[in-house]
Colleague: 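Dumping the structure here so I can ask a few things about it.
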There are 2 protein chains.
Amino acid sequence: MEEVSSRPAGGPPLRADAQRNRIRILVAAEEVFTETGPGASTEEVARRAGVAIGTVFRHFPTKGDLLGAIMKRLLAELIESAGERGGGEGLFEFFTELTAQASYKRTVVGLLESGGTAVRLPEAVGHLSEAVGGLLSEAQAAGTVSPSVELPEVMALLVSVTHGALHGGWDAELRERTLAVVFAGLRPR
Amino acid sequence: MEEVSSRPAGGPPLRADAQRNRIRILVAAEEVFTETGPGASTEEVARRAGVAIGTVFRHFPTKGDLLGAIMKRLLAELIESAGERGGGEGLFEFFTELTAQASYKRTVVGLLESGGTAVRLPEAVGHLSEAVGGLLSEAQAAGTVSPSVELPEVMALLVSVTHGALHGGWDAELRERTLAVVFAGLRPR
DNA sequence: CAGGATAATGAGTGGAGACTCATTTTGGAA
DNA sequence: TTCCAAAATGAGTCTCCACTCATTATCCTG
């Protein structure tokens with residue numbers, strides 16, 4: 001869980017007040033978008049950050065830029081979480097974790113659905129794919145996932161089920177039962 | 001595939017021009033919402049129907065009413081399609097059909113996701129559940145689906161995968177590979 | 001074929017939300 | 001301290017869209 005960066009990429013260093021506000025905005029945006037989803041208004045982010053709306057737009061010229069900034073962070077977290085796992089069950093654990101978190105990570109889910117194109121982060125999504133690909137290979141090496149399974153359908157299922165869990169408001173039991181079916185489908189016969 | 005009803009439920013019979021326009025609006029709405037999804041504007045529906053915007057609102061006081069009217073039709077079609085299938089493979093066939101159609105039936109998918117609450121059609125969604133439940137029972141009786149599988153997770157997977165296919169723009173191959181995993185998970189071990 | 005009821009019309013209203021910019025405030029280098 | 005470039009401010013613009021309503025046109029009944 002790395003810190004929120006206080007500076008945009010490149011350019012001259014920011015003034016102290018600008019650094020402070022940039023962080024406030026990012027923190028507020030992560031809260032707001034995590035709670036409400038990408039549809040939340042920029043106005044609400046500004047209010048929560050305690051700055052004027054114009055300040056938000058000075059730091060992030062479009063709403064997409066703001067969304068992109070926090071997505072990058074959230075995605076990095078996900079990739080890190082995938083990287084920490086491994087072995088025969090790592091893929092299943094990651095799947096379970098993501099699904100369970102879906103309810104309070106509306107934004108990531110929204111991003112994944114778009115393949116990152118909505119906020120121009122295809123590379124980041126690519127990295128997640130790689131990380132999941134690693135988990136898949138390990139699981140297949142350990143014999144817990146059928147060798148005929150490939151990465152695209154694993155990503156497809158990951159995104160679909162996570163979205164379903166989020167928008168369908170699945171309770172813990174339904175989540176477990178649904179994942180059980182998917183996992184049974186992934187395991188060798 | 002029943003015809004578009006030319007009269008609203010109850011009330012006195014409509015004038016000839018009103019009947020004509022009502023049908024035009026429903027046809028246009030089905031086209032527009034099927035192409036663009038529930039976010040399409042009422043203005044666009046009116047344009048496509050060749051009537052003024054006010055006429056649309058005279059027939060359907062809110063956008064939700066209009067959506068509800070066409071959803072009812074589309075859902076009925078789905079339920080009918082489910083009802084026509086059966087045997088060991090009926091459930092798999094229905095699953096496959098719905099997924100393949102997702103790309104041009106954005107509206108139904110949107111509705112299913114909301115459980116019908118967005119347009120007040122929970123009974124209709126309930127009927128679809130029943131139909132799928134019938135397919136599930138038949139498949140289990142035929143031994144093609146594991147007896148431990150229950151209806152809620154089947155519906156959850158149906159909705160998730162259909163949504164994924166739609167929003168992820170899956171090609172035929174990915175669709176097939178993803179469904180293969182799900183079907184393997186449903187089949188007895 | 002009148003004439004009143006029914007329906008169609010489309011400019012207008014209201015609200016939401018992304019984004020702008022003239023003005024004011026503030027940080028920090030000299 | 002001085003002073004100006006950087007930054008903050010927030011009312012205002014623009015666009016989109018659901019929805020309204022006074023006016024006009026069209027049915028259809030007697």
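Every chain is numbered from 1 and lettered A, B, ... according to where its sequence line falls, protein lines coming before strand lines. Everything numeric in this text was worked out from a predicted model, so none of it was measured. Values reported hereafter were calculated over all heavy atoms of this structure, with side chains retained and with hydrogens, waters and symmetry mates removed.
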Colleague: If you look at every strand shown and take non-hydrogen atoms under 4.0 Å, does B/T55 touch a base, only sugar-phosphate, or nothing?
Modeller: base
Colleague: Counting side-chain heavy atoms from CB outward, which of D/dA18, C/dG17, C/dC19 is closest to B/S41?
Modeller: D/dA18
Colleague: Just N and O in the side chain of A/T42: are any of them under 4.0 Å from OP1 or OP2 of C/dA18?
Modeller: yes
Colleague: Atom CG of A/L67 to atom C1' of C/dG17: distance rounded to whole Å?
Modeller: 14 Å
Colleague: Output the single nucleotide from D/dA8, C/dA7, D/dC19 whose closest atom is nearest the side chain of B/K63.
Modeller: D/dC19
Colleague: Return yes if some donor-acceptor pair links the side-chain N/O of A/D65 with the main-chain N/O of A/T62 below 3.5 Å, else return no.
Modeller: yes
Colleague: Please identify each residue that fulfils ring-ring contact (aromatic ring centres under 6.0 Å, His included) with B/F95, with sequence neighbours left out.
Modeller: B/F183
Colleague: Can you sort out the partners of A/S137 under side-chain contact (heavy atoms from CB on, under 4.5 Å), two or more places apart, ordered by chain and number?
Modeller: none
Colleague: With sequence neighbours left out, what residues match B/R187 under side-chain hydrogen bond (donor to acceptor under 3.5 Å, both in side chains)?
Modeller: B/E89
Colleague: Identify the residue among B/D17, B/V56, B/V45 that makes a side chain to side chain contact (heavy atoms under 4.5 Å, CB included) with B/V51.
Modeller: B/V56
Colleague: How close or far is atom C1' of D/dA18 from atom CD1 of B/I53, stated in whole angstroms?
Modeller: 8 Å
Colleague: Salt bridge (Lys or Arg N to Asp or Glu O under 4.0 Å) with B/E150: which residues, sequence neighbours excluded?
Modeller: A/R177
Colleague: What are the residues of residues 43-52 of chain A, sorted by number, that bring a heavy atom to within less than 4.0 Å of DNA chain C?
Modeller: none
Colleague: Would you say a side-chain N or O of A/N21 is under 4.0 Å from OP1 or OP2 of D/dA8?
Modeller: yes
Colleague: With sequence neighbours left out, what residues match B/F57 under side-chain contact (heavy atoms from CB on, under 4.5 Å)?
Modeller: B/T42, B/I53
Colleague: Round to a whole Å and report the spacing from CZ of B/F60 to P of D/dA18.
Modeller: 15 Å
Colleague: Which residues pass the salt bridge (Lys or Arg N to Asp or Glu O under 4.0 Å) test with A/E93, not counting sequence neighbours?
Modeller: A/R85
Colleague: Nearest whole angstrom, please: distance from the P of D/dA6 to the NE2 of A/H59.
Modeller: 14 Å
Colleague: From CZ of A/R58 over to P of D/dG10, roughly how many Å is that when rounded to an integer?
Modeller: 15 Å
Colleague: Rounding to a whole Å, what distance do you find between B/Q19:CD and C/dA7:P?
Modeller: 10 Å
Colleague: Who pairs with A/R20 by side-chain hydrogen bond (donor to acceptor under 3.5 Å, both in side chains), at least two apart in sequence or on another chain?
Modeller: none
Colleague: Produce a footprint string for nucleotides 23-30 of chain C: one letter per nucleotide, 5' end first; B if the base is under 4.0 Å from any protein heavy atom, S if only the sugar-phosphate is, - if neither.
Modeller: ---BSS--
